[in-house]
Amino acid sequence: MVNPSTSSVNNDAQQGGGAAIVVAVDGSEASNVAVQWAANAALKRGDSLKLVCAYNMPQFMYADGMVPPQELYDELEGEAKDKIATARKIVSDFSPEIQVEDEVREAAPIDYLLDLSQTSQMIVMGSRGLGGLSGLVMGSVSAAVVSHAECPVVVVRKENNVTEENKYGPVVVGVDGSEISRQAMAMAFQEANARGALLRAVHAWSDAQFHSTYIGLAESQSQWEQLAESEQDLLSEELKALREQYPDVEVEELVARDRPIHALKEAAEDAQLMVLGSHGRGGFKGMLLGSTSRALLQYAPCPMMVVRPRHS
């Protein structure tokens, strides 16, 4: 390896452990929107930011034992530093109070971000929406980081600009009664508390199993009402402990007879953040992500935080 693996640029943050919020920077429009969203999150949470950019030497440069010239490493590193400088300006323009550090590294983006996820509270990444993370195809870097990071990952689409309307919107969380859903709920309450935002808890269910005849309509209606009541009870019970832990968070309970994807998308139209749990497990990086999480990563109207199971 000709070039050193790491190049630190500037550090305005306090020295110590890993940054609370890591932002993947690639210079694209989506990445710039993600930087702005992360700046807003850092300001509300009172956290620092770490702006990171990875670059790779093209594989063909190693063909036939060829050694890439040092000038090429310097050029790639210089371009990465320029992207970081642009990102730092976005942060300082948003608020000069935010503490920022940055790092440029020659590394595979997936491995680099997954390594950072071990010491970060969250990773924020930009996304074009129907294609995946900016500059990268869905199913490779995006799915790998979302599916395997040790911390929550927030995906911000280029349409998700921070505006006066949405930056004070609710935090939306999907609730389904599973353990990973409870972990997502805990993150959602934490975010809503830090932001002074309404928490909108969404539980979607279907009554498709009740297809009644005219004769059985009355009995079926009674069964439907019982089911609807039990689903509402499930949501209220799931929220109980966290409502007690965060008494200052205003909670709106929404039970919908609908597909989870549609119910969550509709509930997040005015939101500043959606939080969703995903099992996202698989033997190979990026090979598996829950269908609801995967669909909403592409279609959600607001930034989305994916929370994976914690492993001891």
Is there a side-chain contact between [X] and [Y], using heavy atoms and a 4.5 Å cut-off?
| X | Y | value |
| --- | --- | --- |
| Leu113 | Val52 | yes |
| Glu75 | Glu71 | no |
| Val251 | Phe189 | yes |
| Pro109 | Asn56 | yes |
| Glu106 | Leu76 | no |

Original post:
Could you walk me through whether Gln183 and Ile180 pass the side chain to side chain contact (heavy atoms under 4.5 Å, CB included) check?
Top reply: CA-CA 5 Å; Gln183 292 179 23; Ile180 184 56; 3.8 Å; yes
Listed by chain and number, what are the side-chain hydrogen bond (donor to acceptor under 3.5 Å, both in side chains) partners of [X], not counting sequence neighbours?
| X | result |
| --- | --- |
| Tyr112 | Glu103 |
| Asp248 | none |
| Asp270 | Arg200 |
| Asp47 | Arg45 |

I need the minimum non-hydrogen distance between [X] and [Y], along with the two atoms involved.
| X | Y | result |
| --- | --- | --- |
| Val275 | Ala184 | CG1-O, 3.4 Å |
| Pro301 | Ala268 | CG-O, 3.4 Å |
| Cys53 | Ala80 | SG-CB, 3.7 Å |
| Ser120 | Val22 | OG-CG2, 3.0 Å |
| Gly174 | Leu276 | CA-CD1, 4.0 Å |
| Ala24 | Met125 | CB-CG, 4.2 Å |

Mind checking side chain to side chain contact (heavy atoms under 4.5 Å, CB included) for [X] and listing every partner two or more places apart, or none if nothing turns up?
| X | value |
| --- | --- |
| Ala201 | Val173, Val175, Leu235, Leu239 |
| Asp115 | Arg105, Gln118 |
| Ala197 | Val171, Arg195, Gln272 |

Residues which pass salt bridge (charged side-chain N to carboxylate O under 4.0 Å, His left out) with [X], listed by chain and number, not counting sequence neighbours:
| X | result |
| --- | --- |
| Glu231 | none |
| Glu79 | none |
| Glu250 | none |
| Lys44 | none |

**OP:** Please determine which of Glu238, Glu253, Glu237 meets the salt bridge (Lys or Arg N to Asp or Glu O under 4.0 Å) test together with Arg243.
**Re:**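 That would be Glu253.
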[X] side chain to [Y] main-chain N or O, any donor-acceptor pair under 3.5 Å?
| X | Y | value |
| --- | --- | --- |
| Ser92 | Lys89 | yes |
| Ser48 | Gln99 | no |
| Ser31 | Asp26 | yes |

From [X] atom [atom1] to [Y] atom [atom2], the distance as rounded to the nearest 0.5 Å:
| X | Y | atom1 | atom2 | result |
| --- | --- | --- | --- | --- |
| Met274 | Glu269 | CE | CD | 9.0 Å |
| Leu199 | Leu273 | CG | CG | 10.0 Å |
| Leu116 | Thr119 | CG | OG1 | 6.0 Å |
| Leu227 | Trp205 | CG | CH2 | 4.0 Å |
| Gln232 | Leu254 | CD | CG | 9.0 Å |
| Leu242 | Gln190 | CG | CD | 11.0 Å |

**OP:** For residues 117-126, pull every pair meeting salt bridge (charged side-chain N to carboxylate O under 4.0 Å, His left out), keeping only residues two or more places apart or in separate chains.
**Re:**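 Counting only pairs at least two positions apart or across chains, no salt bridge (charged side-chain N to carboxylate O under 4.0 Å, His left out) contact touches residues 117-126.
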Determine whether [X] and [Y] fall in the same hydrophobic cluster, where Ile, Leu, Val, Met, Phe, Trp and Tyr are linked whenever their side-chain heavy atoms lie under 4.5 Å apart.
| X | Y | result |
| --- | --- | --- |
| Leu234 | Val202 | no |
| Tyr55 | Leu72 | yes |
| Val35 | Leu43 | yes |

Subject >> Ile21 and its side chain to side chain contact (heavy atoms under 4.5 Å, CB included) partner, picked from Leu51, Leu49, Ile98 >> reply: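 So the option named by the test is Leu49.
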**OP:** May I ask you to check whether over 12 heavy atoms, not counting those of Glu229, lie within 6.0 Å of atom CD?
**Re:**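 Check fails, neighbour count at 12 or below.
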**OP:** Decide yes or no on salt bridge (charged side-chain N to carboxylate O under 4.0 Å, His left out) for Arg182 and Glu179, but give the supporting numbers first.
**Re:** CA-CA 5 Å; Arg182 295 184 188 108; Glu179 179 56 34; 3.5 Å; yes
